[in-house]
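So you know, we letter chains A, B, ... as the sequences are listed, proteins then strands, and number each from 1.
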Amino acid sequence: MLLQMRGLPAAPSRPHAHPHVSAAPPPTLRGLRRRPLSRRLSKVVSYYGLTTPPYKTDALEPYMSKRVVELHWGKHQQDYVDGLNKQLDTSPFYGHTLEDMVKEAYNNGNPLPEYNNAAQVWNHHFFWESMQPGGGGSPEAGVLQQIEKDFGSFANFREEFMLSALSLLGSGWVWLVLKRNERKLSVVNTRNAINPLAFGDIPIISLDLWEHAYYLDYKDDRRAYVSNFMDHLVSWHTVTLRMMRAEAFVNLGEPNIPVA
Amino acid sequence: MAFRTLASKKTLAAALGGARPLATRGVATFTLPDLPYDYGALEPAISGEIMRLHHQKHHATYVANYNKALEQLDAAVSKGDASAVVQLQGAIKFNGGGHVNHSIFWKNLKPANEGGGEPPHGKLGWAIDEDFGSFDKLVKKMNAEGAALQGSGWVWLALDKEAKKLSVETTANQDPLVTKGANLIPLLGIDVWEHAYYLQYKNVRPDYLNNIWKVVNWKYAGEEYENVAV
């Protein structure tokens, strides 16, 4: 469960809330904060909280405006969180980790009702952490070497990421993933909420291609949005950490033959 | 193909959906239809900026990419390249669907001071009462299905030309209504792609859906209905 460490909110906002345990809720849980004071009569209605991007909402300007981050995070992602919590009230997925839900509710391509919200909560959290102020450009060291090994060159990778993003028809995501069996990095795009965990891939970067992610800043110019993400926003720091974790599950080097 | 310029368009260009042969290549090309009203004429329900971008950028791009794909298809067929022919189907469906859907959408809208939003009378009005209970119930159903649609797509009032029955359908992305059934005729299509409302309504798609009824051209839908069903 590689991404469990990362795919879920970090400590203060990671709700392990259990409806029968009335421990004091973390302050960031909106649903919990609103619940009635009387514990006897109260019912927990919120299982997942809205996680906070690891920078201020204006920190990605001018490539992603404060307005876009505020709406995207504060409205769209919040709606997915609220929608998921509402479903979990009566769902068999109550008690699963977010990552397990994303894998299991995909249901081999016939997504269950919880899938859309669960995957979008996961995707957005992962997306915000895929960026940083002053990001972009080229990675270094091991990450760069792996990209060069798997794509030929960094320029080839950038080109492939761009083409994949532009060829996605409709709403969805473009990803850099680590393929477990092939033991190599690959670019994939997915429709709507679909998350590559469903195919056994390990996500490394996600970029949201729903129009709400860029329309206020770029209108119909998806190319400029993706280009700016690559040149100014993508966090190679996060990528390095994610690659390190991924390598605990996928051996990218030559096979280690023990000396007898 | 040349994009239409900023000026407002009052005239409807050549018959929508009509293809004209391109003399040099013999491949039909499609053109961006003019809007039958000004970009700002649907305000406040839909802003002029949205209409301008939607028509000049989004619809124009579908037309351009549709023509490009058809040209590639022609080349692939001439060369007998079967796998290229198959590979082009996605682009043709998406861009061709985008052209078909938007061409209908523009005709489905009408400024409020020219009769937009006036509920359907006549035979379509009766048919709606019969198949949905009332006009309000139809509106509620389309609003609910439009709001629930995940990702990008369309919500339709469809007429089954054999069964002569109305239904509400949704299609993903730019899939045209015919992908839901060969007998289905679109009477009204509502674009629920975010580009159709985001600049004005942001994340609140239900508000867009509530307001668009103020500029729906029911006269057009009624005529389509009578052409087919009567």
Side-chain angles (χ1 to χ4, degrees), chain A residues 65 67-84 86-87 105-106 110-120 123-124 163 166-173 189-195 208-225, chain B residues 3 47 49-66 68-69 87-98 101-102 147-154 170-176 179 191-208:
Chain A
S65 67
R67 180 100 182 98
V68 164
V69 174
E70 282 176 350
L71 278 164
H72 196 174
W73 167 64
K75 297 288 185 185
H76 291 274
Q77 189 177 350
Q78 180 73 62
D79 282 350
Y80 292 122
V81 169
D82 292 346
L84 178 62
K86 203 172 153 201
Q87 288 172 316
Y106 183 69
N110 300 298
L112 301 172
E114 296 86 349
Y115 184 75
N116 189 61
N117 286 321
Q120 286 292 66
N123 295 346
H124 281 90
L163 281 177
L166 296 179
S167 66
L168 177 86
L169 307 176
S171 301
W173 297 79
N189 63 39
T190 59
R191 278 192 173 192
N192 292 349
I194 293 173
N195 180 306
D208 193 339
L209 298 176
W210 286 56
E211 286 173 322
H212 65 235
Y214 61 88
Y215 210 80
L216 296 183
D217 287 338
Y218 297 93
K219 308 293 191 299
D220 63 315
D221 195 352
R222 189 188 277 182
R223 176 186 292 276
Y225 164 66
Chain B
F3 289 177
S47 77
E49 191 188 11
I50 287 178
M51 290 302 293
R52 185 177 57 77
L53 284 162
H54 203 169
H55 181 246
Q56 287 182 359
K57 297 287 190 177
H58 294 277
H59 190 172
T61 304
Y62 295 127
V63 171
N65 289 337
Y66 189 30
K68 200 167 102 191
Q87 201 219 320
L88 283 164
Q89 300 309 308
I92 289 171
K93 184 181 179 190
F94 182 75
N95 293 294
N101 294 344
H102 285 89
L149 190 145
Q150 288 169 7
S152 304
W154 293 75
T170 59
T171 56
N173 294 332
Q174 292 298 355
D175 292 357
T179 59
D191 191 345
V192 293
W193 279 60
E194 287 172 324
H195 67 233
Y197 61 86
Y198 207 81
L199 293 181
Q200 188 175 353
Y201 294 96
K202 310 298 186 302
N203 59 306
V204 195
R205 190 190 284 179
D207 284 357
Y208 159 71

> Using a cut-off of 6.0 Å, state whether more than 12 heavy atoms not belonging to A/Arg191 lie near its atom CZ.
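Not buried by this count: 12 neighbours or fewer within 6.0 Å.
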> Take B/Leu199 and A/Lys219 through the test side chain to side chain contact (heavy atoms under 4.5 Å, CB included) and record every step on the way to the result.
CA-CA 9 Å; B/Leu199 293 181; A/Lys219 308 293 191 299; 4.0 Å; yes
> Minimum heavy-atom separation for A/Leu169 and B/Asn173, please, with both atom names.
O-ND2, 3.3 Å
> Can you tell me which portion of A/Asp79 sits under 4.5 Å from chain B's heavy atoms? Options are side chain, backbone, both or neither.
side chain
> Over all heavy atoms of both residues, which pair between B/Gln150 and A/Trp210 is shortest? Give the atoms and the distance, please.
C-CH2, 4.4 Å
> Determine the sole option in B/His54, B/His58, B/Gln56, B/His195 for which the side-chain contact (heavy atoms from CB on, under 4.5 Å) test with A/Asp220 is passed.
B/His58
> Parallel, tilted or perpendicular, judged at 30° and 60°: which one describes the rings of A/His212 and B/Tyr198?
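Aromatic pair A/His212/B/Tyr198 classed tilted.
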> Taking CD in B/Gln87 as the centre, count heavy atoms belonging to other residues, nucleotides or ligands within less than 6.0 Å. Is the count above 12?
no
> Do you know which two heavy atoms are closest between B/Lys202 and A/Leu71, and how far apart they sit?
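Smallest interatomic distance, heavy atoms only, reads CD-CD1, 3.7 Å.
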> Using every non-hydrogen atom in the two residues, find where A/Ser171 and B/Ser152 come nearest and quote the distance to one decimal.
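Closest heavy-atom pair between A/Ser171 and B/Ser152: OG-OG, 2.5 Å.
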